[in-house]
Structure formats: structure tokens, C-alpha cells
2 protein chains.
Amino acid sequence: MNGTEPPRKRPTQADVARLAKVSPAVVSAVVNGRTGGGVRVGDRTAARVEQAIRQLGYAPNVAARNLAGGRSDIIGVFTYEALFPMDAMSFYHPFLMGVEEAVEELDCHLLLFTGSHVDGRRRAIYKNGINTLQHADGAVIVGQAENREELTALLREGFPAVFIGRRELPGAEASYAAADYSGATRGLVERISGLGHRRIARLHGGSAHESIVDRDAGFAAAREQLAERLDAADVFVTPNAAAVTELVPRLVEQGYTCLIADDCDRAADACAAVEQLGLSVPGDLSVAALSEFSLAPTARDVNTVVTPGREMGAAAVRLLADLLKNPSDRSPRRTVLDCGLHDGDTLAAPRG
Amino acid sequence: MNGTEPPRKRPTQADVARLAKVSPAVVSAVVNGRTGGGVRVGDRTAARVEQAIRQLGYAPNVAARNLAGGRSDIIGVFTYEALFPMDAMSFYHPFLMGVEEAVEELDCHLLLFTGSHVDGRRRAIYKNGINTLQHADGAVIVGQAENREELTALLREGFPAVFIGRRELPGAEASYAAADYSGATRGLVERISGLGHRRIARLHGGSAHESIVDRDAGFAAAREQLAERLDAADVFVTPNAAAVTELVPRLVEQGYTCLIADDCDRAADACAAVEQLGLSVPGDLSVAALSEFSLAPTARDVNTVVTPGREMGAAAVRLLADLLKNPSDRSPRRTVLDCGLHDGDTLAAPRG
DNA sequence: CCACCGTGATAATGCGCATCACCAGTTGGC
DNA sequence: GCCAACTGGTGATGCGCATTATCACGGTGG
């Protein structure tokens, strides 16, 4: 009749062992299905133990299991920003789909590091010096905003981590599941050239992120490869919508017939600028994007490179699983996936 | 020159203690800032310890800390289905936003139980008899598809869990953060009646879920309360789109001027059926929904009750936090939140 | 009849940390 | 001059588990 019961004490292996009249080691073996290893357990005993487990509602303590050298069966996903707010979600969602899918296949749980902010809103891996990712066996890291020093430290420490997207960190070889933006960009330019365009302008957001650098490389490669069939393939830096709007008229004047933007938002800006000149897309000018990313639904259905987000997420988890399974092999695990090409209605052969 | 290094041994408190020439207890105290508790530490000693920590690059082991300390600072979210596939996401997203937000405030991490499927795809809380939710200190449970027996067992066990949405489980008092669907439904009917409608038909999907039962109650209450100003407020069971399409003509014949559907998908079906009769919405007939939920973007901007999803998610986490902070108080924690009313363009005063 | 092996179990140890009980020295009050 | 109170620390213990070394026992083969 005492309202204050003891604070819900969970049963331990020892409790199970007592009930089943065996030693704790046997319970451990049964729970982990290692009934044939150092500690051998007969079928009848195993059944008795399982019965006791059910009777007591025993569940292994993750922390203890971790500590004792086992693993937690938890895979983490770290992002430097909140995952679920609308604008973030539009970016993260495809990756998360793949991650969830692959983690589920591995029979692991998925941990989101929401408690990793130091002060204010900013998240961090190291929270007064301690690596919060330790809660998980390993982690997948995704997102643009990031603290490169931290990431480097993380790899140096040897923590099992796989990036979604290529990362080059000084003094550490990162594992990642990346998209072949270089190849995709080259493919897109080839396609554009194939349609007959000879003057192509690339509107470059100015970022030096690996994913952009890869596109740069692809663009450069295409220019070289198609040198004879192109009169111009130039890069113009346009950090924001205003810059695009301002630049487009000049590009039109200079006879460019196709504009390639970093993403669909910027491509939509370009379309708008073209139309504002009384010209039509793709009738007078073609527009394409190097990433399907966009914050808001765009007015036009832009021709764009499509990132295999879901596949990247799943691949990252699988690389991580491999990393965890063969910890002695310290070499980086890398997968590069092909991008798709979305056929919109902003790309056509040049006029006349 | 041996390729196989020792498997990355991290420094421990003991190492720090040795270097700083103090006992491990002192290091623990310094690391946790508890230099004024049972173990007292002087400023000079503390400085020496911190120096040693830096020198060794010591970082506490999370697992050990959890084991010794009793809590993991992990809050779980359990769903019976995958969270991130497109259709699921449209349902779960608002809740997750709130959950993430609140969990972040608590300085906890967020665990998704992706590893809880028994065989095939179906997830379960109990996996061969063991409660997989124990990975977390407590859990928020959300979703329609569910196994009531399991949930009852979970509560009986005393596991700290809070539902998003009202739940009545036999023999157990569930904690939940719910929406006031009853009040919202009454409010919507009042609004409709206020516009002059006297014959209202409710298209009922046939579910007996608490969230629907609450709407039933609200509808019944409104009918009673507005008895004098309503000629009819009837309920028709329409389990699917086809049933709606079939029923609507008869309702029109019978002089109903406003149709209320369970959700926006069904409401859109009703709109379509009305328009197929050559009538217009809301000119000839008004349509409203009791939930903004919809799988696909609907053609019409339906007037609907809006579930405070984000707030429910956040509230659930806060209730859980309270449950964890005062474990001796076993009473259920409950919050009921007001719904909003979205003004679309499918509701107007009746003709004439 | 004993050496030997395979089977089925136990006991002991330690993972890294937090915490509790205790202790040595130093003031300080009266 | 003696006890009290406070300061600054030590040492032991155990959280729950995995693992290793060890042991009892029965059946075989030589």
C-alpha cells in the first residue's frame, strides 16, 4: 500500500541467472546467441534461460554491454543543424530515407544527436571536450554547415564515421558515400552541346565545398573534351538571386544560349530574368541546374542533375557497417554513385 | 612498423589521475564540475587535473558514465512503421519537428527504433520477449497502426512512455499529448451552422480510433447544442473514396448543404463528386474536413481542422521529461491542445 | 584402467566511471 | 587545550555485462 515503489528496477542478467538456476555467464551466452563459444550451453538449459528472460521481462542494458566491449547496435546520424524544420527537411529527407532503410536492414537503431549543442542552437560533436557521438557505434555525418576542425579531430581519434558527400580533411582520410557530380556535370554539358549549343555560361554560387568543386572539375573536363564543338563555356560567379538577375541580360547580349545554375532555385531565378527580357525559356534560351535542390517549389520544371540522395544515405550506412565489422582495416571506405538527369522543360536546342 | 596497431586505446580517468598525482575520484569530480560535493577539490588541484586532461586528450567514456550514472540522456521515438518514406513523412513530420525541438531543449539525444522489427518489415516493441525501448530512458510513441496488446504490456511494465494522441488502454493509464478533436469538431460545426447551414452530413471513415471517437463526440455534442438551429446533422459511413463518390449525389438530393469529411483527401473526393454533378463548391455545397491530413496535394484548398502536430510532439516530450524526473509519481501525464481552423475556399454560406 | 577429448557449465575478472564512506590536517571558538 | 567544523582529499565498491580460464563429467579408444 506504499505509493512510492522503488524506482522501477530493471532485471539484470544476475536475476535471470538466479531464476533459471544457472550462472550469469550462461545468460549472457544465451542472450547473445553465442551458445557455442567459450561458454557452451545445452538446448534444455537455453530454453530454461529464455523462459526466465520472458518471465522477468529482462532486457540487456545497452550501456553495460557497450562498456564490456560489446556494441550498442546504435548507428548515429550527425547534422550540424536541426533535421526536421521545413527548409532543412527538404535537403535532408532523401538521405534520411536511405539511412533509415539501411539501418533497419542492419537491425540497428538510429540515433539523432539532438543533445549536442554547446550553448544556444549550434550543434557540435565535441561537447566540452567529450565526443558525444560515442553513444553510437559509429556515425553518418551529413550537411553543409560544418566545423572542419572538429571533423578532422573526429577522424584522427579513429571514431568510425562516414560522410554523405565527398569530404577532404587535412591529415585524415575520410570515408564517404558521394555522388559523381563531376561526371554528372560533364554529362549535362555533353547533352547541352549535343543539342547544338555552342555558348554556355555557368552561374557559379561561389562555394568551395567539395560538391561544388566536383562540379567545377566536371565542367572544366567537358569544356576541354568538347573544345571543338564549343565557342565558349565560361564561369560567372553569382552568389545570390540578385546577382543572377543582374548578370543574365549581359549574358544574353553576349550570345550565350544556355545557362547552367548550381541549383533549381538559382535556375528559376535565371528563367525569371530571361522572361523579364521578353524572351522565353527554352525557346530563346535554355536553362539547366546542377542540383535539384530548391527551398520552394519552383515555377518552372527545370532540367537538372538529380542527386541520388536515398542511395547515398543507404550506401553511407553500409560503408559504416563495413567499418564496424572490420575495425582492423583502417583504410577509408568510399562509394561514388551516379547522378540522374531530370528532363524538365527548360532545355531545348538553340534557336535557329 | 607493425601494421596492426593496438586497437586505439583511449586514456581513462585513471591515466589522468596518475599523471596529475591524484585519485580517480578527484578526476571524476573535476570532469563533472562537482568539485563541491562529496569529493571536494581545491583550485590548484583542479587546475593540475585539467592540465593533465588536456595533455592526454582525455574524454569520458559515455557508456561507462551511463552505466554508473543510471541514465543515458536518450529519448526514444517509437513508430510501427518507417518514418521517412514519403507518405509516412507527410503524417509524422509535424510531430517530429516538435519532438526534436523539445528533446534538443532537454539536452538529450533522439533514438529512432529502426532495429525493432521481428521478421519481415513489421516493427515491434518486444523483440523475442525483450523490450527494445530500454535503449532509451523513455519513449514517445506515435502512429496509427499499432499493437494494443504490446502497448498495454509496456505500460504495465512501468516503462516511461508518452503517446502522441489520446490512447485508452485496458488496465493501464496512458500518458499522452493529445489534440482536442472534440472541441475542434464542435467549433467547426458551430461555424458551419453560424453561416446558415441547417442540413449537415458527416462522412465517417469508419475508424474507431480514439482520434475519431473524439470527433464523433464533438459532432454529437454540437448536434445537441445546436438542435434548434439544425434540421439535420447526420453521420454516413464512407470507408473509401468510392463510397464518397457514390454517396454524395444522394446527399445532394436529400438537401444537405454541407459535407464534413474525416480528412482532406476524403474532402477532396467529396468536392470532386459535387463538381461531377455540375454543382460548385462552395457555391452550391460546402465541404470541410476534420483533419488537414492528406497523402497527395489536393486540388481544392479545403476548410479544415488543423492538428497542432508540432505542439503535440513537443508537449509529449515534456511530459516524458516530467515522468523521468519524478519517477515516484506514477500518475499519467496528459496535455490536450487546441486545434486550429484553416480557412480554405470550400466553405461558404448556403445558397439562397 | 587410464589417458583423452568433447560437452556443459561455473567463477573470476575488468570495462570506465560515479559515488559513498571515510580520513588527515587545519582553523576556530570558548 | 579540546572538541567541532570545515577543507581537501583517498579508497573501495558496484553499475551490468562479456569474456577467459577453469572445472566436472561421461564416453571412447587403446
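Since the model is a prediction, treat every value here as computed from it, not as a measurement. Residue numbering restarts at 1 for every chain, and letters A, B, ... go by the order of the sequence lines.
With rounding to the nearest 0.5 Å, the separation of CG in B/Leu324 from SG in B/Cys108 is 8.0 Å.
The listed nucleotides are D/dA18, C/dT19, D/dG16; the one nearest the side chain of B/Leu67 is D/dG16. Counting only heavy atoms from C-beta on, B/Ala25 has its side chain closest to C/dC20 among D/dC17, D/dT19, C/dC20. Of the candidates D/dG11, D/dC17, C/dG16, the closest approach to any side-chain atom of B/Ser23 belongs to D/dG11.
Phosphate proximity of C/dA9 to A/Thr45: present, with a side-chain N or O under 4.0 Å from OP1 or OP2. Within the 4.0 Å cut-off from OP1 or OP2 of C/dA18, at least one side-chain nitrogen or oxygen of B/Asn32 is found. For D/dC15, neither phosphate oxygen OP1 nor OP2 lies less than 4.0 angstrom from any side-chain nitrogen or oxygen of B/Asn66. Applying the 4.0 Å criterion to OP1 and OP2 of D/dG16, one finds that A/Arg65 has every side-chain N and O outside that range.
No side-chain donor-acceptor contact under 3.5 Å links A/Arg40 and A/Thr35.
Comparing B/Ala68 and B/Val22, the nucleotide of DNA chain D nearest to each residue sits closer to the 5' end for B/Val22. A residue-by-residue look at B/Arg34 and B/Ala63 shows that B/Ala63 has its nearest nucleotide of DNA chain C further toward the 5' end.
Within the nucleic acid shown, A/Val31 has no heavy atom closer than 4.0 Å to any nucleic acid atom. Within the nucleic acid shown, A/Thr12 comes within 4.0 Å of sugar-phosphate atoms alone, with no base atom in reach, counting heavy atoms only. Residue contacts shown for B/Arg40 include a base, since a base heavy atom lies under 4.0 Å away. Residue-level contact check: A/Val26 touches the bases, meaning some heavy atom is under 4.0 Å from a base atom. The residue B/Val39 sits close to a base: some heavy atom pair falls under 4.0 Å.
In summary, B/Arg44 and B/Glu50 do not engage in a salt bridge, as defined by a charged side-chain N under 4.0 Å from a carboxylate O. Under the 4.0 Å criterion applied to side-chain N and carboxylate O atoms, A/Arg310 and A/Glu101 are assigned as salt-bridge partners.
Applying the 6.0 Å contact sphere to CZ of B/Arg48 captures more than 12 heavy atoms from other residues, nucleotides or ligands.
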